[in-house]
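Beneath this line is the structure, given in structure tokens, with notes to follow.
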Amino acid sequence: GVGSVFFDKPQSFDLGISFAKTFTTDENFSLTLQYGSTDWGSASDGGDDFEYDKISFGAEYEITKKILFFRKTALRAGYYQSSASGDTNIWEWPDVTGITFGLGLSFGDISDENRDYFQFDLAQELRKLENDDYSDDASLTTVSFSWFF
């Protein structure tokens, strides 16, 4: 039923691979690729045959040189797509496509020996949700401030 889809745990898996390159100029570059699937039918007592397959790709460029008073700057971007398949008694679930991008700024002592720094992160996510009967856009802005010590 509806309650079990939202409160039971579905069967899910994710597999990923990443590549990171550090340059002698204190720059880092990383790429990630991930594939996963969630079987929501397993959470609904077998009443629904429904699952989401998802793929995502992300990249980050980080530089650890002093720029103004920041010690580390990171630029991030990503893309993901989730495709719904199967049948459900609740409603027709939408496919979801998203683009994300963000910025991270660190200040303080970022050295491994005396780590004591602050980091500010800003991220924006733009989503497109659609199926045969439904189409909508959504966005999410995330701001975080962290202290690493």
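Worth knowing before you read on, the calculation uses all heavy atoms, side chains too, and leaves out hydrogens, waters and symmetry mates.
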Asp53 and Ser83: side chain donor to acceptor below 3.5 Å: no
Begin with the C-alpha distance, continue with both residues' side-chain angles, and end with the deciding distance and a verdict on side chain to side chain contact (heavy atoms under 4.5 Å, CB included) for Phe13 and Ser37. CA-CA 6 Å; Phe13 76 88; Ser37 183; 3.5 Å; yes
Do any N or O atoms from the side chain of Asp95 and from the backbone of Ala84 form a donor-acceptor pair under 3.5 angstrom? yes
Are Tyr117 and Phe148 near enough that their ring centres are under 6.0 Å apart? yes
What I'd like to find out is whether the side chain of Leu122 reaches to under 4.5 Å of the side chain of Thr142, using heavy atoms alone. no
Is there a path of hydrophobic side-chain contacts, each under 4.5 Å between heavy atoms of I, L, V, M, F, W or Y residues, that connects Leu140 with Val143? no
Interatomic spacing from OG1 in Thr73 to CG in Leu103 - rounded to 0.5 Å: 7.0 Å
When clusters are formed by joining ILVMFWY residues with side-chain heavy atoms under 4.5 Å apart, either directly or through shared neighbours, do Ile55 and Val96 land in the same one? no
Could you tell me if the side chain of Asn131 sits less than 4.5 Å from the side chain of Asp133, heavy atoms only? yes
What I'd like to find out is whether the side chain of Glu27 reaches to under 4.5 Å of the side chain of Glu62, using heavy atoms alone. no
Check whether any side-chain heavy atom of Phe23 sits under 4.5 Å from a side-chain heavy atom of Asn28, and report yes or no. no
CZ of Phe120 to OG of Ser144: how many Å apart, nearest 0.5 Å? 7.5 Å
Do you know the tightest heavy-atom contact between Ala138 and Leu129? CB-CD1, 4.1 Å
Could you tell me the separation between the OG1 atom of Thr100 and the CG atom of Leu126, rounded to the nearest 0.5 Å? 9.0 Å
Compare every heavy atom of Ser12 with every heavy atom of Thr38, then report the nearest pair and how far apart it is. OG1-OG, 3.1 Å
For the backbone of Ser18 and the side chain of Thr32, can you confirm whether one donor and one acceptor N or O come within less than 3.5 Å of each other? no
Heavy-atom side-chain contact between Ser139 and Gln124 under 4.5 Å: yes
I'd like to know whether Phe101 forms a side chain to side chain contact (heavy atoms under 4.5 Å, CB included) with Leu75, so could you lay out the CA-CA distance, the side-chain angles of the two residues, the decisive distance to 0.1 Å, and finally the verdict. CA-CA 8 Å; Phe101 49 93; Leu75 300 172; over 6 Å; no
Non-hydrogen side-chain atoms of Arg127 and Ser82 separated by less than 4.5 Å: no
Is it true that, when you exclude Phe145 itself, more than 12 heavy atoms of the residues, nucleotides or ligands shown sit nearer than 6.0 Å to its CZ? yes
Worked check of side chain to side chain donor-acceptor pair (under 3.5 Å) between Gln119 and Ser106: CA-CA 4 Å; Gln119 184 165 314; Ser106 301; 3.0 Å; yes
Residues pairing under ring-ring contact (aromatic ring centres under 6.0 Å, His included) where one sits in residues 54-82, two or more places apart or in two chains, turn out to be none
Residues Asp136, Lys128: salt bridge by 4.0 Å N-O rule: no
Check the pair Glu51, Ser85 against side chain to side chain donor-acceptor pair (under 3.5 Å), reporting the backbone distance first and the verdict last. CA-CA 6 Å; Glu51 68 181 61; Ser85 63; 4.7 Å; no
Output for pair (Glu130 CD, Asp137 CG), nearest 0.5 Å, gives 8.5 Å
Nearest heavy-atom contact between Gly104 and Arg76 is N-NH1, 3.6 Å
Close side-chain approach of Arg71 and Leu105, heavy atoms under 4.5 Å: no
Over all atoms of both residues, closest heavy-atom pair of Asp26 and Lys65: CB-CG, 4.5 Å
Considering only heavy atoms from C-beta outward, does the side chain of Trp147 approach that of Asp116 to under 4.5 Å? yes
